[in-house]
Amino acid sequence: MQITRLKGANYIIPSFQYTNGIIPYKLYKPYQLYQLYKLLFFCIFAFYSTTKNMQLSEQERNRRESLEELRKMGIDPYPAEEFKTNVLSDEVLATFDDEKKNYQDVVMAGRIMSRRIMGKASFAEIQDSAGRIQIYVTRDDICPGENKDFYNVIFKRHLDIGDFIGVKGFVFRTQMGEITVHVRELKILSKSLHPLPVVKEKEGKVYDAFSDPEMRYRQRYVDLIVNPQVKETFRKRTMLIQSMRELFNSRGYLEVETPILQPIPGGAAARPFVTYHNTLNMKLYLRIANELYLKKLIVGGYEGVYEFSKDFRNEGMDRQHNPEFTVMEIYVAYKDYNWMMEFVEEMFEKVALDLHGKTLIPYGDIEIEFKKPYPRITMLDAIKKYSGYDISGMSEDRLREICDKLDIEHDPSMGKGKLIDQIFKEKCEQHFVQPTFVTDYPIEMSPLVKKHRKNPELTERFELIINGEEMCNAYSELNDPIDQLERFKEQLKLSEKGDDEAMFIDMDFVHALEYGMPPTSGLGVGIDRLTMLMTNQPSIQDVLFFPQMRPEGREQGAGGREHRDEFLELGVPEEWIEPLIALGYDTVEKLKEVEKPGKLHQQMMGYRKKNKLEIDTVTLEQVTEWLQ
RNA sequence: GAUUCAGUAGCUCAGUUGGCAGAGCACAUCCCUUUUAAGGAUGGGGUCCUGGGUUCGAGACCCAGCUGGAUCACCA
C-alpha cells in the first residue's frame, strides 16, 4: 500500500478503487471536500426524510405533495429574497378610516390562520407579529391573464393553514363591517408541512383551545402561534426587565456579567449542579448565586453593580421551581437595608405602572396593590403574631419544643436559624398577601448579613413577601472580614451536621473583604416569580419559553437501526426495513418468529398500500425465504 | 421522592354492565362571488401511551412501565 502526496493537495481521503494491491488515494482540496461532505449529508437527509415519510399522517403527506407540485410549477416554496412589508396588522385595524380611504397600497406578510374558499372569491386570515387581519382574494385579481392556475391550483389546492404568504393590495371594509385587505398580488414565502391546531374564537369565547400543558411547553412555538396571550406574557416579561434596567441605569449603576462556571458555588444555600473542566482537571459548579462576585466588584470601587443572571439549583421541580431560573441582584455602596426597602418600593411601583399603567394588579382571585409604601414587620413580631410564641433569645432546644407544640417537622441537622425559618414558613408566610417587608432575620440563617445595629442576635435583612411568596431578599451586607470568616466556619459546622445546603467557604471572598468593602446594601429579586405575579400566570413554566422537561421516552425504533445490517444479510431490501420496523418487527429474531409467511406478506403489502409507498413489492417466495 | 388524576384522529373531547372506534373543527372531492368559531353535500383519516394478564371478546377490568397535571416534601 502506498500513499503519495501531491503538490497543492491539503487533505487525503481514499477513493474506493483497488488495483494491484496499491490503493490509489485521490487528493482533494478543502473546497472539494466540502462538496463531498455536502453530498454525504444530503444522502443521509434524503434517506431520513423518505423513511420519515412513511409514518406521516394523510394531512402531512398532502402538504408534502403540494410542496412538490409548487416546485414543479416553478414556484419556490422557500424563496430567499427579502419581502419588504410596509405596515403591521394592528396599525391597520386601529387606524383605517372609511372616509379617508387610507392604506390603499399596503404590503403585509404573515401566516395563514384560516381560510374560506367560495368559488372565485376567498377569505383568509393572516397573522403577523402584531395580530391577525382578514384578506380577500379573488381569482381575477391575482390572475389577470387567461391562465387562472395561480388561484385555482396554487391558492386553492396547494396553500394550507400555517403557510407564510406576502400580500400587496388595498384595505377596505366588507359588507359585514370587517376591515380587510383586498389582495392584488400574493407571494408564497414559506410552506408549512405540519398542520397547526385550529383555535377559533367568537366574542371572546375560545373554541378547541390548544391547552395540553405538555405540548404547550415542549412545542412552545406552536403555543405562541395559536395562543396570542402567551406572546403577550413573554413581551411583558421583557418589559419588566427593561423597566428595572431603566431604573438602575438612571441611577448610574453598572450592568455587569459574572461567571456562571464557579469553582466554589457561593452566595446561597442550595445544592449545585456539578460539571468538570478537562484542562484544569477540576470540578466546576454552575452558579447558585452571583452575590460574592458582585460584592468583589463593590470592593473594586464601583458605586453600584447589578446583573440579571441565570442561576442553577439542583432541587425539585414544580410550578414554582425550574432548575435554571433568573435572578436580578444589585449591590449599592454606602447604603443600608432601610434605603433598600424604599428602593424596592420605588422599583415595584414603577414596574407595575410600566406594565399595566396602574398599581392594582389582578392575580388569580385576588388583587395586589403595588403602590408604595409597604408595611414592615420584624420576623420575631410576625412569629409572635401568628404562632403566639415569643421566641426571642430562645435556645435551640427550646425552639425544638416549640416546633413540636406547633406540629412543625424538624430534624437534628437543622440549626437554630433553620428552625426559626421553618416556624416562619409554616405559620406566618401565607398571611402576607399584599406586599410586606419582613425584617431582622436571626443571625444563624444569614451568614452574609451585617449584625443588627441594635441586637447582635439579629441581622439587617429583609424579605419582601407577596401572596405568601418570597419576592426579594436584601441586606446590609456584612463587610467585617473577621466576622465573615467566623460565619463561614459556622456554616461548615452545619454542613458537617448533615445540612447539604450550608455554604462553602470562599477564601478569596474573605480576602477581598480584608481589602475593605464600603458599607453596602444588596438585593436579589426572583424575576420568574415576579413575572408570574405581574402577568397573572399560575406556574413558572408559563413564564419560561422552554421550561425544563423530561425527555420524551420514545424509542424511535432504536433497536431497528442497530439491526439494519442483519435485515440486509437476510435479503430484505433496504427500503423495506423501515416498514418492517413500523409493523413491529424491529429485530430479525422477531421477524423469524412469524409462523406463516403469507401473514407477513399481507401485512407488508397492506402497509405499502395504506401509506401509499412507492417502493418495489416483494413476492411471497422472498418472504418465505427470509423466514427459513 | 410520595400520593392522586389523566393519556382515544392534526386539535378539543365523547365512548353506557366488557360486545363493529365516535363527534365537532381540521383535511380531501364536488357545488357556490362577501364569510364572522361553523356556506352546502360527500368522503378519507386511529400503535385507543407502552408491555403483560383476565376473558369467547378489552379503549374500558387487573399488574408493571412511560409522560404530563395537581397536591405534598426539598428549594427561590
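Being a predicted model, the structure only gives us computed values, none of them experimental. These numbers come from the heavy atoms of this one structure, side chains and all, not from hydrogens, waters or symmetry mates.
For the OP1/OP2 pair of B:rA38 and a distance below 4.0 Å, the side-chain nitrogens and oxygens of A:R116 include at least one atom meeting the criterion. The side chain of A:R115 places no N or O atom within less than 4.0 Å of a non-bridging phosphate oxygen (OP1 or OP2) of B:rU35. The side chain of A:K200 contributes no N or O atom lying less than 4.0 Å from OP1 or OP2 of B:rU12. Phosphate proximity of B:rC74 to A:Q422: present, with a side-chain N or O under 4.0 Å from OP1 or OP2. The side chain of A:K418 contributes no N or O atom lying less than 4.0 Å from OP1 or OP2 of B:rC74.
The base of B:rU67 is not paired with the side chain of A:E214 by any donor and acceptor separated by under 3.5 Å.
For the P atom pair drawn from B:rA60 and B:rA9, the interatomic distance equals 15 Å after rounding to whole Å. Separating the C1' atom of B:rU12 from that of B:rU29 is a span of 26 Å, rounded to the nearest Å. Using atom P as the reference point in both B:rC13 and B:rA6, the two lie 14 Å apart (nearest Å). Nucleotides B:rG7 and B:rG43 are separated by 29 Å at their C1' atoms, to the nearest Å. Separating the P atom of B:rG22 from that of B:rG15 is a span of 15 Å, rounded to the nearest Å. Distance check on atom P: B:rA2 versus B:rA28 gives 48 Å, rounded to whole Å. The P atoms of B:rG59 and B:rG51 are separated by 12 Å, rounded to the nearest whole Å.
Between A:E69 and A:K72 there is a salt bridge, with a side-chain nitrogen of the basic residue lying less than 4.0 Å from a carboxylate oxygen of the acidic one. We find that A:R287 and A:E307 are joined by a salt bridge, their nearest charged nitrogen and carboxylate oxygen being less than 4.0 Å apart. Checked for salt-bridge contact, A:D542 and A:R319 miss the test: no charged N lies under 4.0 Å from a carboxylate O. A salt bridge links A:R218 to A:E214: one of the charged nitrogens lies within less than 4.0 Å of a carboxylate oxygen.
With both pairing distances under 3.5 Å, B:rA70 is matched to B:rU3 as a Watson-Crick or G-U wobble pair. Look at B:rA23: its Watson-Crick or wobble partner, with both distances under 3.5 angstrom, is B:rU12. Across all strands shown, B:rA58 forms no Watson-Crick or G-U wobble pair with both key distances under 3.5 Å. Pairing of B:rU42, defined by two Watson-Crick or G-U wobble distances under 3.5 Å, is identified with B:rA28. Base pairing of B:rU34: no nucleotide in any strand meets the Watson-Crick or G-U wobble criterion (both distances under 3.5 Å).
Nucleic acid contact for A:Q134: base, since at least one base atom lies under 4.0 Å from a heavy atom of the residue. Residue A:M215 is in sugar-phosphate contact alone, with no base atom involved, counting any heavy-atom pair closer than 4.0 Å across all strands shown. If you check every strand for non-hydrogen atoms under 4.0 Å, A:E178 touches a base. Within the nucleic acid shown, A:N473 has no heavy atom closer than 4.0 Å to any nucleic acid atom. Here A:N322 lies in heavy-atom contact (under 4.0 Å) with a base. Residue contacts shown for A:R319 are limited to sugar-phosphate atoms, with no base heavy atom under 4.0 Å away. Within the nucleic acid shown, A:R216 has no heavy atom closer than 4.0 Å to any nucleic acid atom.
Counting only heavy atoms from C-beta on, A:N62 has its side chain closest to B:rC27 among B:rU12, B:rC74, B:rC27. Side-chain proximity of A:R550 to the nucleotides B:rG68, B:rC27, B:rA76 is greatest for B:rG68.
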Under the side chain to side chain donor-acceptor pair (under 3.5 Å) rule, what do A:T138 and A:Y151 come out as? Steps first, then yes or no, please. CA-CA 8 Å; A:T138 59; A:Y151 181 78; over 6 Å; no
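The cationic group of A:R461 lies under 6.0 Å from the six-membered ring centre of A:Y441 and within 45° of the ring axis, placing it in a cation-pi geometry.
Considering only residues two or more places apart in sequence or on other chains, A:N227 meets the side-chain hydrogen bond (donor to acceptor under 3.5 Å, both in side chains) condition with A:D223.
Between the P atom of B:rA26 and the CZ atom of A:F210 lies a distance of 18 Å, rounded to the nearest Å.
Rounded to the nearest 0.5 Å, atoms CD1 (A:I527) and CZ (A:R237) are 7.5 Å apart.
The one candidate from A:F462, A:Y337, A:F348 that meets the ring-ring contact (aromatic ring centres under 6.0 Å, His included) condition with A:F437 is A:F462.
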At a cut-off of 3.5 Å, list every protein nitrogen or oxygen paired with a nitrogen or oxygen from nucleotides 31-34 of chain B, distance to 0.1 Å.
unit_1: B:rC32; atom_1: N3; unit_2: A:G119; atom_2: N; d: 3.3
unit_1: B:rC32; atom_1: N4; unit_2: A:G119; atom_2: N; d: 3.2
unit_1: B:rU33; atom_1: O4; unit_2: A:K120; atom_2: NZ; d: 3.3
unit_1: B:rU34; atom_1: O2'; unit_2: A:Q175; atom_2: OE1; d: 3.1
unit_1: B:rU34; atom_1: O4; unit_2: A:Y136; atom_2: OH; d: 3.4

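Nearer to the 5' terminus of RNA chain B, by closest-nucleotide assignment, is the contact made by A:I161 (compared with the other of A:Y217 and A:I161). Positionally, the nearest nucleotide of RNA chain B for A:R157 lies more toward the 5' end than for the other of A:E469 and A:R157.
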